[in-house]
Amino acid sequence: MRDLGDILAEVRGKIAAACERAGRDPGEVEIVAVTKTHGEDVVREAWEAGLRIVGENKVQEAMWKKEASPAGPSWHLIGHLQGNKVRNALATFDFIHSVDSVKLLDRIEAVSENCGFMPHVLLEVNVSGEKSKSGMRPDDVAAAVSHIVGNCRRITVEGLMTMAPFSADREDARPYFRRLRQLRDEIEDRLQVGLPRLSMGMSGDYETAVEEGATWVRLGTVLFGERPKAKTRRAVSDGDEMDFGLDSYSAGPVVRVYD
Ligand SMILES: *Cc1c(COP(=O)(O)O)cnc(C)c1O
């Protein structure tokens, strides 16, 4: 097994090279260490290697993991958030990358008002339009930003997040990342707001994302190796046989959202 410190040095080198190619300052790019499916030992390892942000895609999983982890890292939610988990999410995470509807914004605002949170969020955009991906339509993002500015006094929106379609060639991701940045620029101009953060790029495409303006790259596999596979089992829903992942961290079976 390679040492995380060595891997990180290599990844940071690639980020620096991508910044160089794009004429950017490498200090603008931070790594979100995606620790989903791993234990608290991996959070500790990440922290000791100098990583300062951990990304999780499930609220419940992050809750126990954070409890068991050393204090220090900033915890970011990068997966879909359901309305009934907003309260726990706001208590657990410093940042939510994955706000994907105005309805969810209203829920976050209402819970924040009740419980005294001042959340920082990104809006997740489904740039590719793939049905399997969450996120708002690009055309709906400006209205959501206006909605926050006009109606959500507790929420600070700091930017946009996206996922590119899966591909073995990182170059294929470029148009989606570029579109997100352009959308951000258009909205900043039109609404006179600052949206400094762009969360884009994963293990397979982060160099391209950095070339296109990413400020947060969300990296799991390249840092920690392949994730343990969730066990699957058969479940029947509406007469159709579907594959569900049996999520060991949640109370019941949930659809697999990773890999
Ligand atoms: C799992 C996940 C990642 C990390 O993926 P890797 O390919 O392992 O780097 C990034 N972003 C989101 C939203 C994820 O769910």
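What you see below is based on every heavy atom in this structure, not just the backbone, and it leaves out hydrogens, waters and symmetry mates. Just so you know, residue 1 is the first one in the sequence shown, and it goes up from there. As the structure lists them, so they are numbered: ligands from 1, and atoms in each ligand from 1.
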Answer yes or no: does an N/O atom from Asn57 fall short of 3.5 Å to an N/O atom of ligand 1? no
Should we count CZ of Arg21 as having more than 12 external heavy atoms under 6.0 Å? yes
For atom 11 (N) of ligand 1, which candidate among Met163, Glu124, Arg227, Arg218 provides the closest heavy atom? Arg218
A student checking ligand 1 against Ile78 at a 4.0 Å heavy-atom cut-off should list atoms 11 (N), 12 (C), 13 (C), 14 (C)
Would you mind running through ligand 1 and noting each atom that sits below 4.0 Å from a heavy atom of Leu219? 9 (O)
Considering the heavy atoms of Ser203, write down every atom of ligand 1 situated less than 4.0 Å from one of them. 6 (P), 7 (O), 8 (O), 9 (O)
Hey, are Arg154 and Glu109 close enough for a salt bridge, meaning a charged N less than 4.0 Å from a carboxylate O? no
Apart from Phe95 itself, members of its ILVMFWY cluster (side-chain separation under 4.5 Å) are Val32, Ile53, Leu122, Met161, Trp216
Under 4.0 Å from a heavy atom of Thr221: give me the atoms of ligand 1 that qualify, with their elements. 6 (P), 7 (O), 8 (O), 9 (O)
Quick one: does Val222 get a heavy atom under 4.0 Å from ligand 1? no
Closest to atom 2 (C) of ligand 1 (heavy atoms only, candidates Glu226, Met202, Lys36) is Lys36
Is a salt bridge present between Glu40 and Lys66, judged by a nitrogen-to-oxygen distance below 4.0 Å? no
Assess whether a salt bridge exists between Arg44 and Asp41, defined as any Lys/Arg side-chain N lying under 4.0 Å from an Asp/Glu carboxylate O. no
Is Glu186 paired with Arg179 through a side-chain N to carboxylate O contact shorter than 4.0 Å? yes
